[in-house]
Student: 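Please read through the structure below; I'll follow up with questions.
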Amino acid sequence: MSILQDANREQISRRRKIDWILHILFIAATAVGILALMALLVNIMMDGLSRLSPDLFTNYPSRMASKAGLKSAIVGSIYMVLIMTPISFILGVGAAIYLEEYANKNWLTRLIQLNISTLAGVPSIVYGILGLTIFVRGMHLERSLLSGALTMTLLVLPIIIVSAQEALRAVPRQRRDASFALGATRWQTVSGSVLPSAMPGIMTGVILALSRAIGETAPLVMIGALTFVAFLPNGIMDSFTVMPIQIFNWISRPQEAFHELAAAGIILLLGLLLIMNFAAILLRNKYSKNL
Amino acid sequence: MLHKNKKSYMMLVMLLIVAVALAACGGGKKDEAGKGTTDTGTGAALSGTIEIDGSSTVFPLTEAAAEEFGKENAGVRVSVGTAGTGGGFKRFVKGEIAMSNASRPIKDKEAEEAKAAGIDYKELEVAYDGLSIVVNKENTWVDKLTLDELKKIYGPEATAKTWADVRAGWPAEPIKIYSPGSEHGTFDYFTEVINGKAQESRNDKQITFAADTNSIVSGVEGDKASIGYFGFSFYEENQDKLKLVPIDNGTAVVSPSAETIKDNSYSPLSRPLYVYLNTKALEKPEVKAFTEYYLKNVANFAQEVGFIALPQEKYDEQIASLNK
């Protein structure tokens with residue numbers, strides 16, 4: 001009997017040991033990510049904080065680091081997002097509603113589904129090439145804000161569609177059944193019952209997709225967004241620049257002062273992303289409480 | 001209750017969409033109005049847009065000119081891109097841009113494309129640059145390099161695995177080689193001069209191609225047995241971190257400096273930087289004014305951004321040639 005007990009105790013202590021080792025391993029895995037992020041943040045903060053001043057917002061780019069600012073880039077980024085938002089919202093949510101609520105589940109919709117998921121993982125520069133061919137050369141929109149915004153719309157569409165679909169799928173079947181039972185048409189069901197409860201999820205997805213677009217450089221470099229733009233766009237057909245492009249240009253210069261300026265620009269961009277992600281969380285919390 | 005909430009945020013979404021759509025449309029109208037004034041640039045105040053693209057090496061010069069010109073001529077909107085020398089020419093030969101920055105002369109193939117598209121152009125020299133060969137600060141053995149030795153390191157059939165292979169007597173440490181990437185005009189120029197043909201280069205495990213020149217600086221700074229090259233301005237800004245290698249060109253041993261680059265004794269690694277100008281665009285008064293302003297002031301800008309100005313008479317000749 002005591003032999004059995006001993007064996008049991010040994011087994012328990014071995015299992016505890018494994019549990020403890022894995023615990024440490026998982027903590028280490030978490031720490032690696034956080035430490036890397038902290039190192040990056042500290043590094044950038046040290047370089048950039050001293051350059052973070054109102055001048056950064058009010059000055060145009062300049063060959064002299066002391067006078068250079070991000071004005072045209074900040075405005076360019078904001079305009080681009082303003083143009084993108086309605087287009088990508090309507091197209092993305094529209095496609096999601098069709099696929100989830102209207103389409104029959106057959107091989108064709110499965111094929112579309114597979115394509116959309118694949119597109120979400122395509123490297124962003126590929127969208128740049130696509131944008132260059134279709135919008136800049138094909139539709140003769142030139143290197144305008146509109147071309148940039150449309151290219152970025154293509155980039156974020158798959159992300160928006162997938163997240164909107166997930167939000168729609170999370171709405172319980174019974175809600176639709178109840179609505180149909182009252183004699184509602186498909187659109188009445190979608191607009192009156194399904195969309196409202198899916199909206200927080202959809203909005204979160206859209207905002208996260210937009211914040212990806214703000215940080216993206218490669219496709220815009222490809223379609224030819226410019227580096228020195230000392231004026232604000234007057235309309236959607238004007239040439240433009242965005243924050244990541246200006247930051248990239250500053251980093252690749254020989255002068256140390258420009259590297260500090262780039263760091264300040266990165267802090268600004270991180271701040272903007274943080275605000276957008278925060279807004280996404282707020283929206284989700286606010287509207288999910290009301291349901 | 002549910003009904004009310006649903007309505008409130010459907011309204012919110014709709015409002016958002018309408019607001020943005022209005023903003024976009026409003027912008028569009030203003031743009032049309034702006035275009036109307038574009039063609040009336042013959043008066044005292046110039047207006048219009050000038051699009052420039054091309055080499056990122058030449059960019060700081062053109063940026064300086066655009067910045068200062070813009071202060072005096074608020075009606076002219078000059079924008080400058082950094083698509084690279086090749087990328088700039090691609091747009092230039094299609095007539096998409098008025099001016100193209102280039103860190104090498106136009107290639108025959110590009111010139112043919114321009115001709116096919118009916119585009120005439122002028123080549124303007126705006127400054128000199130000296131390709132600077134650098135090694136690590138702690139590298140005590142390299143006193144100079146000949147062109148042949150550079151070819152042993154960078155050539156397509158490069159045989160040098162260690163420094164001892166470059167010159168007998170040097171330590172047998174494996175060389176870590178850095179080069180600007182193939183999209184750079186700097187790479188084109190260097191490979192043409194050293195290896196005999198543009199774009200022909202060593203390509204094995206020992207060489208690293210960098211898109212960002214600053215990564216060459218930090219690469220060479222961090223490895224004792226490394227070598228790299230780039231434009232003179234990058235050496236000037238990092239003098240305390242790197243060791244400059246004098247070049248033996250067969251007639252003399254010369255280090256790049258403002259003087260040796262200017263009087264061309266740092267041959268063959270000193271190179272002119274160019275701006276290519278679409279002749280048709282030159283007919284527009286704002287483009288002509290900008291080009292003249294550029295050539296008149298680029299000597300000062302060159303100094304500020306780390307290039308070497310041409311002799312003054314060269315600028316004067318080119319300004320005179322604009323009026324022909």
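Naming: A, B, ... by sequence-line order, numbering from 1 per chain.
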Student: Report yes if some heavy atom in the side chain of B:Lys94 is under 4.5 Å from a heavy atom in the side chain of A:Arg137; otherwise report no.
Tutor: yes
Student: If we only count heavy atoms from C-beta on, is the A:Arg63 to B:Glu304 side-chain gap below 4.5 Å?
Tutor: yes
Student: For A:Arg143 and B:Glu51: C-alpha separation, side-chain torsions, deciding distance, then whether salt bridge (Lys or Arg N to Asp or Glu O under 4.0 Å) applies.
Tutor: CA-CA 10 Å; A:Arg143 277 132 176 100; B:Glu51 261 198 73; 5.5 Å; no
Student: Specify the closest pair of heavy atoms between A:Ser252 and B:Phe234, including all atoms of both residues, with the distance to one decimal.
Tutor: O-CZ, 3.5 Å
Student: Examine distances only and state if a side-chain atom of B:Arg77 and a backbone atom of A:Leu232 form a donor-acceptor pair shorter than 3.5 Å.
Tutor: yes
Student: Applying side-chain contact (heavy atoms from CB on, under 4.5 Å), run through B:Ser79 and A:Phe240 and close with a yes or a no.
Tutor: CA-CA 9 Å; B:Ser79 59; A:Phe240 70 108; over 6 Å; no
Student: For A:Ile87, is it the side chain, the backbone, both or neither that has a heavy atom under 4.5 Å from a heavy atom of chain B?
Tutor: neither
Student: Measuring heavy-atom distances to chain B, does A:Ser62 have an atom under 4.5 Å in its side chain, in its backbone, in both, or in neither?
Tutor: both
Student: Apply side chain to side chain donor-acceptor pair (under 3.5 Å) to B:Thr208 and list each qualifying residue two or more places apart in sequence or on a separate chain.
Tutor: B:Lys176
Student: Under 4.5 Å from any heavy atom of chain A, what part of B:Ala83 do you find: side chain, backbone, both or neither?
Tutor: neither
Student: Between B:Thr213 and chain A, with a heavy-atom cut-off of 4.5 Å, which part of the residue counts as in contact: side chain, backbone, both or neither?
Tutor: neither
Student: How about B:Lys90: does its NZ atom have over 12 heavy atoms from other parts shown lying under 6.0 Å from it?
Tutor: no
Student: With rounding to the nearest 0.5 Å, note down the distance linking CZ in A:Phe258 to CD in B:Glu237.
Tutor: 9.5 Å
Student: Would you give the length of the straight line joining atom CD1 of A:Ile245 to atom OG1 of B:Thr82, rounded to the nearest 0.5 angstrom?
Tutor: 8.0 Å
Student: What distance do A:Phe228 atom CZ and B:Thr62 atom OG1 have between them, rounded to the nearest 0.5 Å?
Tutor: 10.5 Å
Student: Is it the side chain or the backbone of B:Glu96 that comes within 4.5 Å of chain A heavy atoms, both, or neither?
Tutor: side chain
Student: Where is the tightest heavy-atom contact between B:Asn214 and A:His259, given as atom of each residue plus distance?
Tutor: ND2-NE2, 3.3 Å
Student: Answer yes or no: does atom OH of A:Tyr60 have more than 12 heavy-atom neighbours from other residues, nucleotides or ligands under 6.0 Å?
Tutor: yes
Student: So what's closer than 4.5 Å to chain A heavy atoms on B:Ile52: side chain, backbone, both or neither?
Tutor: backbone
Student: Where does B:Phe230 contact chain A at under 4.5 Å (heavy atoms): side chain, backbone, both or neither?
Tutor: neither
Student: Can you confirm whether A:Met64 is buried at CE, in the sense that more than 12 heavy atoms of other residues, nucleotides or ligands lie under 6.0 Å from that atom?
Tutor: yes
Student: Between B:Glu67 (side chain only) and A:Pro61 (backbone N and O only), is there a donor and an acceptor less than 3.5 Å apart?
Tutor: no
Student: Mark yes when over 12 heavy atoms from residues, nucleotides or ligands other than B:Lys280 sit less than 6.0 Å from its NZ; otherwise mark no.
Tutor: no
Student: Would you mind checking which part of B:Val78 comes under 4.5 Å of any heavy atom in chain A, side chain (CB onward), backbone (N, CA, C, O), both or neither?
Tutor: backbone
Student: Less than 4.5 Å to any heavy atom of chain A: does that hold for the side chain of B:Tyr235, its backbone, both, or neither?
Tutor: neither
